[in-house]
Amino acid sequence: MNWLWSNLDLVGELMLTHLALSVPAIILSFVISVPIGWLAHRYRWSRGVLLGLCALLYAIPSLALFIALPPITGLPLRSPLNLVIALTLYGIAVIVRTSADAFDAVERDIRQSATAVGYSAVGRFWGVELPLAGPVLLSGLRVVIVSTVSLATVGAVIGVPSLGTLFTNGFQRNIQAEIITGIVATMVLALVLDWLCVMAGRLLMPWSRPNTATARAVSTTLVKQADAA
Amino acid sequence: MNLFIDGIAWILDPANWSGTGSIPQRLWEHIWISAVVLLLASAIALPTGALVGHTGKGREFSVMVSGGLRALPTLGVLTLFGLWLGIGLGAPIIALVILAIPPLLAGAYAGFESVDRRTIDAARAMGMRELQLVGRVEVPLGLPIIVGGIRSATLQIIATATLAAYIADDGLGRFIFAGLKTRNYDEMLGGSILVILLALIVDGIFAITQRLVVPAGVRATRTRELRSRPARPRAVVGQPITEGNRE
(Lines give C-alpha, C1' and ligand atoms only; values in the text may rest on other atoms or scores of the structure.)
Protein backbone atom coordinates (compact mmCIF):
# COMPACT_ATOMS: atom_id res chain seq x y z
CA MET A 1 0.00 0.00 0.00
CA ASN A 2 2.84 2.37 0.81
CA TRP A 3 4.16 1.96 -2.68
CA LEU A 4 0.84 3.00 -4.13
CA TRP A 5 0.55 6.17 -2.00
CA SER A 6 4.00 7.37 -2.88
CA ASN A 7 3.51 6.64 -6.58
CA LEU A 8 -0.05 7.81 -7.04
CA ASP A 9 1.04 10.33 -9.69
CA LEU A 10 2.78 7.67 -11.74
CA VAL A 11 -0.21 5.31 -11.60
CA GLY A 12 -2.61 8.10 -12.58
CA GLU A 13 -0.43 9.16 -15.46
CA LEU A 14 -0.04 5.60 -16.75
CA MET A 15 -3.78 5.09 -16.43
CA LEU A 16 -4.35 8.05 -18.75
CA THR A 17 -1.77 6.73 -21.22
CA HIS A 18 -3.48 3.37 -21.03
CA LEU A 19 -6.84 4.98 -21.79
CA ALA A 20 -5.32 6.85 -24.72
CA LEU A 21 -4.17 3.51 -26.14
CA SER A 22 -7.21 1.37 -25.51
CA VAL A 23 -10.20 3.70 -25.97
CA PRO A 24 -9.37 4.67 -29.59
CA ALA A 25 -8.72 1.01 -30.39
CA ILE A 26 -12.06 -0.03 -28.86
CA ILE A 27 -14.05 2.67 -30.69
CA LEU A 28 -12.26 2.08 -34.01
CA SER A 29 -12.74 -1.66 -33.90
CA PHE A 30 -16.44 -1.26 -33.12
CA VAL A 31 -17.05 1.27 -35.89
CA ILE A 32 -15.12 -0.80 -38.43
CA SER A 33 -16.54 -4.18 -37.55
CA VAL A 34 -20.27 -3.36 -37.58
CA PRO A 35 -20.36 -2.93 -41.39
CA ILE A 36 -18.04 -5.93 -41.83
CA GLY A 37 -20.30 -7.98 -39.57
CA TRP A 38 -23.33 -6.89 -41.55
CA LEU A 39 -21.60 -7.93 -44.76
CA ALA A 40 -20.71 -11.29 -43.21
CA HIS A 41 -24.34 -11.73 -42.24
CA ARG A 42 -25.70 -10.70 -45.64
CA TYR A 43 -24.18 -13.28 -47.97
CA ARG A 44 -23.20 -16.87 -47.47
CA TRP A 45 -19.84 -16.57 -49.26
CA SER A 46 -18.83 -13.39 -47.45
CA ARG A 47 -19.65 -15.00 -44.12
CA GLY A 48 -17.17 -17.80 -44.64
CA VAL A 49 -14.43 -15.55 -45.97
CA LEU A 50 -14.77 -12.73 -43.43
CA LEU A 51 -15.25 -14.90 -40.36
CA GLY A 52 -12.37 -17.12 -41.52
CA LEU A 53 -10.09 -14.10 -41.83
CA CYS A 54 -11.10 -12.92 -38.38
CA ALA A 55 -10.38 -16.33 -36.89
CA LEU A 56 -6.92 -16.26 -38.50
CA LEU A 57 -6.25 -12.76 -37.21
CA TYR A 58 -7.38 -13.74 -33.73
CA ALA A 59 -5.02 -16.72 -33.73
CA ILE A 60 -1.94 -14.52 -34.12
CA PRO A 61 -0.15 -14.06 -30.77
CA SER A 62 -0.19 -10.42 -29.67
CA LEU A 63 3.52 -9.96 -29.07
CA ALA A 64 4.31 -11.38 -32.50
CA LEU A 65 1.76 -9.06 -34.13
CA PHE A 66 3.21 -6.01 -32.36
CA ILE A 67 6.56 -6.83 -33.93
CA ALA A 68 5.30 -7.91 -37.34
CA LEU A 69 3.19 -4.76 -37.86
CA PRO A 70 5.83 -1.99 -38.12
CA PRO A 71 7.40 -3.41 -41.32
CA ILE A 72 3.91 -3.30 -42.88
CA THR A 73 2.80 0.12 -41.59
CA GLY A 74 6.23 1.76 -41.71
CA LEU A 75 5.83 3.02 -38.14
CA PRO A 76 8.59 2.74 -35.55
CA LEU A 77 8.28 -0.25 -33.21
CA ARG A 78 7.77 1.87 -30.09
CA SER A 79 5.12 4.09 -31.64
CA PRO A 80 1.85 4.02 -29.66
CA LEU A 81 0.02 4.16 -32.98
CA ASN A 82 1.46 0.77 -33.85
CA LEU A 83 -0.07 -0.63 -30.68
CA VAL A 84 -3.43 1.05 -31.35
CA ILE A 85 -3.54 -0.53 -34.82
CA ALA A 86 -2.72 -3.97 -33.42
CA LEU A 87 -5.36 -3.65 -30.69
CA THR A 88 -7.90 -2.45 -33.25
CA LEU A 89 -7.20 -5.51 -35.41
CA TYR A 90 -7.79 -7.83 -32.45
CA GLY A 91 -10.95 -5.94 -31.56
CA ILE A 92 -12.23 -6.34 -35.11
CA ALA A 93 -11.44 -10.06 -35.02
CA VAL A 94 -13.63 -10.37 -31.94
CA ILE A 95 -16.62 -8.15 -32.81
CA VAL A 96 -17.13 -9.13 -36.44
CA ARG A 97 -18.30 -12.58 -35.41
CA THR A 98 -20.63 -11.18 -32.73
CA SER A 99 -22.02 -8.53 -35.04
CA ALA A 100 -22.70 -11.09 -37.77
CA ASP A 101 -24.58 -13.11 -35.14
CA ALA A 102 -26.34 -9.94 -33.98
CA PHE A 103 -27.72 -9.23 -37.45
CA ASP A 104 -28.57 -12.91 -37.91
CA ALA A 105 -30.68 -12.73 -34.78
CA VAL A 106 -32.99 -10.11 -36.31
CA GLU A 107 -35.95 -12.17 -37.42
CA ARG A 108 -36.66 -12.50 -41.08
CA ASP A 109 -40.33 -11.66 -40.52
CA ILE A 110 -39.36 -8.34 -38.99
CA ARG A 111 -37.07 -7.49 -41.88
CA GLN A 112 -39.75 -8.40 -44.37
CA SER A 113 -42.40 -6.34 -42.60
CA ALA A 114 -40.02 -3.37 -42.52
CA THR A 115 -39.66 -3.66 -46.28
CA ALA A 116 -43.41 -4.07 -46.59
CA VAL A 117 -44.16 -0.82 -44.74
CA GLY A 118 -41.80 1.00 -47.10
CA TYR A 119 -38.34 1.11 -45.57
CA SER A 120 -35.54 1.46 -48.10
CA ALA A 121 -32.56 -0.86 -47.72
CA VAL A 122 -30.54 1.89 -46.02
CA GLY A 123 -33.46 3.08 -43.89
CA ARG A 124 -34.15 -0.47 -42.82
CA PHE A 125 -30.55 -0.91 -41.71
CA TRP A 126 -30.54 2.23 -39.55
CA GLY A 127 -34.14 2.11 -38.42
CA VAL A 128 -34.74 -1.59 -37.86
CA GLU A 129 -31.76 -3.91 -38.11
CA LEU A 130 -29.19 -1.87 -36.19
CA PRO A 131 -31.43 -1.09 -33.19
CA LEU A 132 -32.58 -4.71 -32.95
CA ALA A 133 -29.02 -5.98 -33.24
CA GLY A 134 -27.95 -3.43 -30.63
CA PRO A 135 -28.05 -5.53 -27.47
CA VAL A 136 -25.93 -8.33 -28.98
CA LEU A 137 -23.54 -5.77 -30.50
CA LEU A 138 -23.20 -4.31 -27.03
CA SER A 139 -22.27 -7.69 -25.60
CA GLY A 140 -19.55 -7.99 -28.26
CA LEU A 141 -18.28 -4.54 -27.42
CA ARG A 142 -18.05 -5.49 -23.76
CA VAL A 143 -15.85 -8.48 -24.60
CA VAL A 144 -13.59 -6.22 -26.62
CA ILE A 145 -13.35 -3.63 -23.84
CA VAL A 146 -12.07 -6.21 -21.39
CA SER A 147 -9.68 -7.91 -23.80
CA THR A 148 -8.28 -4.65 -25.23
CA VAL A 149 -7.61 -3.09 -21.85
CA SER A 150 -5.86 -6.26 -20.74
CA LEU A 151 -3.95 -6.72 -24.00
CA ALA A 152 -2.66 -3.14 -24.07
CA THR A 153 -0.40 -3.98 -21.11
CA VAL A 154 1.62 -6.34 -23.32
CA GLY A 155 2.95 -3.32 -25.21
CA ALA A 156 5.09 -2.52 -22.18
CA VAL A 157 7.59 -5.25 -23.04
CA ILE A 158 8.40 -3.63 -26.37
CA GLY A 159 8.61 -0.23 -24.70
CA VAL A 160 5.20 1.38 -25.25
CA PRO A 161 4.22 2.83 -21.87
CA SER A 162 0.88 1.80 -20.34
CA LEU A 163 -0.25 0.28 -17.05
CA GLY A 164 1.84 -2.68 -18.21
CA THR A 165 4.91 -0.57 -17.44
CA LEU A 166 4.12 -1.26 -13.79
CA PHE A 167 4.59 -4.98 -14.51
CA THR A 168 7.92 -4.69 -16.33
CA ASN A 169 9.26 -2.09 -13.91
CA GLY A 170 8.03 -3.98 -10.86
CA PHE A 171 9.54 -7.19 -12.16
CA GLN A 172 12.92 -5.65 -12.89
CA ARG A 173 13.11 -3.80 -9.57
CA ASN A 174 11.53 -6.65 -7.59
CA ILE A 175 8.58 -4.63 -6.25
CA GLN A 176 5.55 -6.88 -5.75
CA ALA A 177 3.27 -4.00 -4.77
CA GLU A 178 3.90 -2.33 -8.10
CA ILE A 179 2.81 -5.40 -10.08
CA ILE A 180 -0.25 -5.95 -7.91
CA THR A 181 -1.17 -2.28 -8.31
CA GLY A 182 -0.87 -2.70 -12.05
CA ILE A 183 -3.12 -5.77 -12.11
CA VAL A 184 -5.77 -4.09 -9.95
CA ALA A 185 -5.59 -0.83 -11.91
CA THR A 186 -5.99 -2.67 -15.22
CA MET A 187 -8.98 -4.63 -13.98
CA VAL A 188 -10.59 -1.54 -12.45
CA LEU A 189 -10.13 0.33 -15.71
CA ALA A 190 -11.74 -2.53 -17.64
CA LEU A 191 -14.64 -2.67 -15.19
CA VAL A 192 -15.24 1.08 -15.32
CA LEU A 193 -15.20 1.16 -19.13
CA ASP A 194 -17.49 -1.86 -19.18
CA TRP A 195 -19.90 -0.18 -16.77
CA LEU A 196 -19.90 3.02 -18.84
CA CYS A 197 -20.64 0.93 -21.90
CA VAL A 198 -23.59 -0.79 -20.19
CA MET A 199 -24.94 2.58 -19.02
CA ALA A 200 -24.59 4.05 -22.51
CA GLY A 201 -26.43 1.00 -23.80
CA ARG A 202 -29.32 1.59 -21.39
CA LEU A 203 -29.58 5.22 -22.45
CA LEU A 204 -29.40 4.50 -26.16
CA MET A 205 -31.50 1.37 -26.10
CA PRO A 206 -34.15 1.84 -23.42
CA TRP A 207 -36.22 -0.95 -24.96
CA SER A 208 -33.65 -3.61 -24.24
CA ARG A 209 -34.02 -5.02 -20.79
CA PRO A 210 -31.26 -7.51 -20.15
CA ASN A 211 -32.87 -10.69 -21.38
CA THR A 212 -31.51 -14.20 -21.33
CA ALA A 213 -30.09 -14.14 -24.85
CA THR A 214 -27.82 -11.17 -24.24
CA ALA A 215 -27.13 -12.28 -20.69
CA ARG A 216 -25.85 -15.56 -22.07
CA ALA A 217 -23.64 -13.77 -24.56
CA VAL A 218 -22.34 -11.41 -21.91
CA SER A 219 -21.99 -14.08 -19.27
CA THR A 220 -18.80 -15.45 -20.72
CA THR A 221 -17.21 -12.04 -20.63
CA LEU A 222 -16.96 -10.26 -17.37
CA VAL A 223 -19.33 -10.31 -14.45
CA LYS A 224 -22.84 -11.35 -13.80
CA GLN A 225 -25.22 -8.53 -14.31
CA ALA A 226 -26.66 -7.23 -11.11
CA ASP A 227 -30.20 -7.14 -12.40
CA ALA A 228 -30.13 -10.11 -14.72
CA ALA A 229 -33.44 -11.78 -15.33
CA MET B 1 8.66 -5.55 -46.98
CA ASN B 2 12.45 -5.80 -47.09
CA LEU B 3 12.40 -6.32 -43.36
CA PHE B 4 10.24 -9.38 -43.82
CA ILE B 5 12.71 -10.83 -46.29
CA ASP B 6 15.46 -10.26 -43.74
CA GLY B 7 13.34 -11.94 -41.08
CA ILE B 8 12.77 -14.97 -43.28
CA ALA B 9 16.46 -15.01 -44.18
CA TRP B 10 17.19 -15.11 -40.45
CA ILE B 11 14.90 -18.14 -40.07
CA LEU B 12 16.59 -19.90 -42.99
CA ASP B 13 20.12 -19.13 -41.81
CA PRO B 14 21.71 -22.53 -41.02
CA ALA B 15 23.62 -20.93 -38.13
CA ASN B 16 20.29 -20.60 -36.28
CA TRP B 17 19.43 -24.26 -36.69
CA SER B 18 22.04 -25.88 -34.46
CA GLY B 19 23.58 -25.48 -31.02
CA THR B 20 22.00 -24.15 -27.83
CA GLY B 21 19.17 -21.72 -28.36
CA SER B 22 18.64 -22.92 -31.91
CA ILE B 23 15.28 -22.69 -33.64
CA PRO B 24 14.42 -26.42 -33.29
CA GLN B 25 15.27 -26.34 -29.58
CA ARG B 26 13.16 -23.22 -28.90
CA LEU B 27 10.32 -24.56 -30.99
CA TRP B 28 10.39 -27.83 -29.09
CA GLU B 29 10.42 -25.97 -25.75
CA HIS B 30 7.48 -23.89 -26.86
CA ILE B 31 5.43 -26.91 -27.92
CA TRP B 32 6.39 -28.92 -24.85
CA ILE B 33 5.48 -26.16 -22.38
CA SER B 34 2.21 -25.48 -24.19
CA ALA B 35 1.28 -29.17 -24.11
CA VAL B 36 2.05 -29.56 -20.40
CA VAL B 37 0.06 -26.44 -19.56
CA LEU B 38 -2.86 -27.55 -21.71
CA LEU B 39 -2.95 -30.96 -19.99
CA LEU B 40 -2.78 -29.47 -16.49
CA ALA B 41 -5.40 -26.81 -17.19
CA SER B 42 -7.70 -29.33 -18.91
CA ALA B 43 -7.43 -31.70 -15.97
CA ILE B 44 -8.75 -28.92 -13.74
CA ALA B 45 -11.18 -27.05 -15.95
CA LEU B 46 -12.84 -29.70 -18.12
CA PRO B 47 -14.25 -31.90 -15.31
CA THR B 48 -15.34 -28.78 -13.42
CA GLY B 49 -17.05 -27.38 -16.49
CA ALA B 50 -18.66 -30.75 -17.20
CA LEU B 51 -20.02 -30.92 -13.66
CA VAL B 52 -21.40 -27.39 -13.89
CA GLY B 53 -22.89 -28.02 -17.32
CA HIS B 54 -24.40 -31.36 -16.35
CA THR B 55 -25.94 -30.37 -13.05
CA GLY B 56 -26.60 -26.74 -13.89
CA LYS B 57 -25.38 -25.91 -10.40
CA GLY B 58 -22.66 -23.36 -9.79
CA ARG B 59 -23.20 -21.78 -13.17
CA GLU B 60 -23.13 -18.24 -11.81
CA PHE B 61 -19.95 -19.07 -9.97
CA SER B 62 -18.14 -20.49 -12.96
CA VAL B 63 -19.28 -17.60 -15.15
CA MET B 64 -17.80 -15.26 -12.58
CA VAL B 65 -14.57 -17.24 -12.36
CA SER B 66 -14.11 -17.51 -16.11
CA GLY B 67 -15.13 -13.89 -16.68
CA GLY B 68 -13.06 -12.47 -13.85
CA LEU B 69 -9.96 -14.45 -14.75
CA ARG B 70 -10.30 -13.33 -18.33
CA ALA B 71 -9.93 -9.70 -17.31
CA LEU B 72 -6.58 -10.53 -15.66
CA PRO B 73 -3.72 -8.99 -17.62
CA THR B 74 -1.48 -11.88 -18.68
CA LEU B 75 1.75 -9.95 -18.33
CA GLY B 76 0.86 -8.96 -14.77
CA VAL B 77 0.19 -12.56 -13.74
CA LEU B 78 3.43 -13.72 -15.39
CA THR B 79 5.62 -11.12 -13.75
CA LEU B 80 3.97 -11.60 -10.35
CA PHE B 81 4.60 -15.36 -10.40
CA GLY B 82 8.06 -14.64 -11.77
CA LEU B 83 8.83 -12.61 -8.66
CA TRP B 84 7.31 -15.16 -6.30
CA LEU B 85 8.89 -18.27 -7.75
CA GLY B 86 12.07 -16.91 -9.25
CA ILE B 87 13.70 -17.81 -12.54
CA GLY B 88 12.70 -21.21 -13.87
CA LEU B 89 9.84 -23.06 -15.46
CA GLY B 90 7.55 -23.12 -12.41
CA ALA B 91 6.38 -19.53 -12.65
CA PRO B 92 5.41 -19.49 -16.32
CA ILE B 93 3.70 -22.89 -16.10
CA ILE B 94 1.53 -21.91 -13.12
CA ALA B 95 0.70 -18.53 -14.63
CA LEU B 96 -0.17 -20.13 -17.99
CA VAL B 97 -2.40 -22.72 -16.33
CA ILE B 98 -4.33 -19.99 -14.53
CA LEU B 99 -4.79 -18.07 -17.76
CA ALA B 100 -5.86 -21.16 -19.72
CA ILE B 101 -8.63 -22.12 -17.31
CA PRO B 102 -11.31 -19.54 -18.34
CA PRO B 103 -11.69 -20.58 -21.98
CA LEU B 104 -11.58 -24.29 -21.09
CA LEU B 105 -14.16 -23.90 -18.34
CA ALA B 106 -16.42 -21.77 -20.51
CA GLY B 107 -16.11 -24.20 -23.42
CA ALA B 108 -16.93 -27.20 -21.25
CA TYR B 109 -20.06 -25.81 -19.64
CA ALA B 110 -21.25 -24.13 -22.81
CA GLY B 111 -20.82 -27.45 -24.61
CA PHE B 112 -22.90 -29.29 -22.05
CA GLU B 113 -25.51 -26.55 -21.98
CA SER B 114 -25.84 -26.52 -25.75
CA VAL B 115 -27.41 -29.97 -25.65
CA ASP B 116 -31.15 -29.73 -26.16
CA ARG B 117 -33.04 -30.35 -22.92
CA ARG B 118 -35.48 -32.59 -24.76
CA THR B 119 -32.66 -34.85 -25.90
CA ILE B 120 -31.50 -35.24 -22.33
CA ASP B 121 -35.02 -35.89 -21.11
CA ALA B 122 -35.46 -38.51 -23.82
CA ALA B 123 -32.18 -40.22 -22.91
CA ARG B 124 -33.18 -40.26 -19.27
CA ALA B 125 -36.62 -41.61 -20.12
CA MET B 126 -34.95 -44.45 -22.00
CA GLY B 127 -33.27 -45.42 -18.76
CA MET B 128 -29.76 -44.02 -19.12
CA ARG B 129 -27.84 -43.55 -15.91
CA GLU B 130 -26.20 -40.20 -15.19
CA LEU B 131 -22.76 -41.34 -16.33
CA GLN B 132 -24.15 -42.83 -19.51
CA LEU B 133 -26.00 -39.58 -20.09
CA VAL B 134 -22.75 -37.66 -19.79
CA GLY B 135 -20.61 -40.07 -21.81
CA ARG B 136 -23.03 -41.00 -24.56
CA VAL B 137 -25.26 -37.97 -24.98
CA GLU B 138 -23.85 -34.77 -23.56
CA VAL B 139 -20.17 -35.19 -24.42
CA PRO B 140 -20.67 -36.32 -28.06
CA LEU B 141 -23.23 -33.59 -28.75
CA GLY B 142 -21.33 -30.85 -26.93
CA LEU B 143 -17.92 -31.91 -28.24
CA PRO B 144 -17.61 -29.30 -31.02
CA ILE B 145 -18.06 -26.52 -28.48
CA ILE B 146 -15.79 -28.21 -25.93
CA VAL B 147 -13.10 -28.58 -28.59
CA GLY B 148 -13.70 -24.92 -29.45
CA GLY B 149 -12.87 -24.06 -25.85
CA ILE B 150 -9.72 -26.17 -26.02
CA ARG B 151 -8.83 -24.44 -29.28
CA SER B 152 -9.01 -20.94 -27.87
CA ALA B 153 -7.23 -22.04 -24.70
CA THR B 154 -4.40 -23.51 -26.80
CA LEU B 155 -4.04 -20.33 -28.81
CA GLN B 156 -3.99 -18.34 -25.62
CA ILE B 157 -1.30 -20.65 -24.21
CA ILE B 158 0.89 -20.39 -27.30
CA ALA B 159 0.58 -16.59 -27.26
CA THR B 160 1.26 -16.29 -23.56
CA ALA B 161 4.13 -18.79 -23.69
CA THR B 162 5.78 -16.34 -26.08
CA LEU B 163 5.36 -13.60 -23.51
CA ALA B 164 6.61 -15.96 -20.78
CA ALA B 165 10.09 -15.71 -22.30
CA TYR B 166 10.18 -12.35 -20.53
CA ILE B 167 10.51 -14.12 -17.18
CA ALA B 168 12.05 -17.46 -18.21
CA ASP B 169 14.65 -18.60 -20.70
CA ASP B 170 12.32 -20.69 -22.81
CA GLY B 171 10.38 -20.89 -26.00
CA LEU B 172 10.23 -18.94 -29.25
CA GLY B 173 9.64 -15.69 -27.38
CA ARG B 174 13.34 -15.81 -26.46
CA PHE B 175 14.21 -14.70 -29.99
CA ILE B 176 11.90 -11.70 -29.68
CA PHE B 177 13.35 -10.55 -26.37
CA ALA B 178 16.93 -11.26 -27.41
CA GLY B 179 16.33 -9.27 -30.58
CA LEU B 180 14.77 -6.41 -28.62
CA LYS B 181 17.76 -6.24 -26.30
CA THR B 182 20.37 -6.25 -29.07
CA ARG B 183 18.25 -4.20 -31.49
CA ASN B 184 18.34 -7.05 -33.96
CA TYR B 185 15.11 -6.66 -35.90
CA ASP B 186 15.78 -9.71 -38.08
CA GLU B 187 15.86 -11.98 -35.05
CA MET B 188 12.76 -10.36 -33.53
CA LEU B 189 10.82 -10.61 -36.74
CA GLY B 190 12.07 -14.13 -37.46
CA GLY B 191 10.94 -15.23 -34.00
CA SER B 192 7.57 -13.54 -34.50
CA ILE B 193 7.05 -15.23 -37.84
CA LEU B 194 7.81 -18.61 -36.27
CA VAL B 195 5.32 -17.98 -33.44
CA ILE B 196 2.65 -16.86 -35.89
CA LEU B 197 3.20 -19.94 -38.07
CA LEU B 198 3.01 -22.22 -35.04
CA ALA B 199 -0.23 -20.59 -33.88
CA LEU B 200 -1.83 -20.75 -37.32
CA ILE B 201 -0.88 -24.39 -37.85
CA VAL B 202 -2.21 -25.42 -34.44
CA ASP B 203 -5.37 -23.41 -35.06
CA GLY B 204 -5.84 -25.12 -38.40
CA ILE B 205 -5.48 -28.56 -36.81
CA PHE B 206 -8.11 -27.64 -34.23
CA ALA B 207 -10.44 -26.22 -36.88
CA ILE B 208 -10.34 -29.57 -38.69
CA THR B 209 -10.79 -31.51 -35.43
CA GLN B 210 -13.78 -29.36 -34.55
CA ARG B 211 -15.44 -30.41 -37.79
CA LEU B 212 -14.55 -34.06 -37.40
CA VAL B 213 -16.04 -34.41 -33.92
CA VAL B 214 -19.54 -33.41 -35.02
CA PRO B 215 -21.60 -36.62 -34.66
CA ALA B 216 -22.92 -37.98 -37.97
CA GLY B 217 -26.53 -37.64 -36.84
CA VAL B 218 -26.07 -33.96 -36.08
CA ARG B 219 -24.24 -33.30 -39.34
CA ALA B 220 -27.18 -34.62 -41.33
CA THR B 221 -29.60 -32.04 -39.94
CA ARG B 222 -27.09 -29.24 -39.80
CA THR B 223 -28.11 -27.44 -42.96
CA ARG B 224 -31.39 -26.41 -41.39
CA GLU B 225 -31.80 -22.87 -40.16
CA LEU B 226 -30.54 -22.78 -36.60
CA ARG B 227 -30.68 -19.05 -36.14
CA SER B 228 -32.36 -17.23 -33.30
CA ARG B 229 -33.44 -20.35 -31.54
CA PRO B 230 -33.00 -20.38 -27.79
CA ALA B 231 -29.99 -22.45 -26.80
CA ARG B 232 -31.91 -24.48 -24.28
CA PRO B 233 -35.58 -24.72 -25.19
CA ARG B 234 -38.12 -25.94 -22.69
CA ALA B 235 -39.82 -29.25 -23.29
CA VAL B 236 -42.65 -28.77 -25.75
CA VAL B 237 -46.07 -30.14 -24.87
CA GLY B 238 -48.25 -30.90 -27.85
CA GLN B 239 -47.86 -29.51 -31.32
CA PRO B 240 -46.16 -26.10 -31.67
CA ILE B 241 -48.24 -23.58 -33.56
CA THR B 242 -46.51 -22.23 -36.65
CA GLU B 243 -47.87 -19.14 -38.22
CA GLY B 244 -47.25 -17.79 -41.67
CA ASN B 245 -45.11 -19.44 -44.27
CA ARG B 246 -41.96 -20.37 -42.44
CA GLU B 247 -39.80 -22.93 -44.15
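In the text below, chain A, chain B and the rest are named by the order of the sequence lines, each starting its count at 1. These numbers come from a predicted model, not from an experiment.
- With a threshold of 4.5 angstrom between heavy atoms, Ile145(A) does not approach chain B through any atom at all.
- Between Tyr43(A) and Trp45(A), the ring planes lie parallel to each other; the angle is under 30°, not in the 30° to 60° tilted range.
- Taking each heavy atom of Ser162(A) and Thr153(A) in turn, the nearest pair found is OG-CA, 3.7 Å.
- Looking only at heavy-atom pairs under 4.5 Å with chain B, the residue among Ile60(A), Asp101(A), Leu163(A) that has the most is Ile60(A).
- Of the two parts of Ser147(A), neither the backbone nor the side chain holds a non-hydrogen atom closer than 4.5 Å to a non-hydrogen atom of chain B.
- For chain A, the nearby part of Leu155(B) is the side chain; its heavy atoms alone come within less than 4.5 Å.
- Between chain A and the options Val77(B), Thr74(B), Leu163(B), heavy-atom pairs under 4.5 Å are most frequent for Leu163(B).
- Top candidate by heavy-atom pairs under 4.5 Å with chain B, chosen from Leu166(A), Val157(A), Asn174(A), is Val157(A).
- In this structure, the portions of Ile167(B) lying under 4.5 Å from any heavy atom of chain A include both its backbone and its side chain.
- Exactly one of Ile150(B), Ile101(B), Leu105(B), Leu51(B) qualifies for a side chain to side chain contact (heavy atoms under 4.5 Å, CB included) with Leu46(B). That residue is Ile150(B).
- Between Phe112(B) and His54(B), the ring planes are perpendicular. Angles over 60° get that label, and only those under 30° would be called parallel.
- Aromatic ring orientation, Tyr90(A) versus Tyr58(A): perpendicular (interplanar angle above 60°, classes split at 30° and 60°).
- Considering only heavy atoms from C-beta on, Pro73(B) comes within 4.5 Å of Phe167(A) through its side chain.
- Of all the heavy atoms in Ala100(A) and Arg47(A), the pair that sits closest is CB-NH1, 4.0 Å.
- Within the 4.5 angstrom heavy-atom criterion, no atom of Arg173(A) approaches chain B.
- Note on Ala159(B), Pro103(B), Pro102(B): by heavy-atom pairs under 4.5 Å with chain A, the leading option is Ala159(B).
- In terms of heavy-atom pairs under 4.5 angstrom with chain A, the leader among Ile176(B), Thr162(B), Asp203(B), Leu78(B) is Ile176(B).
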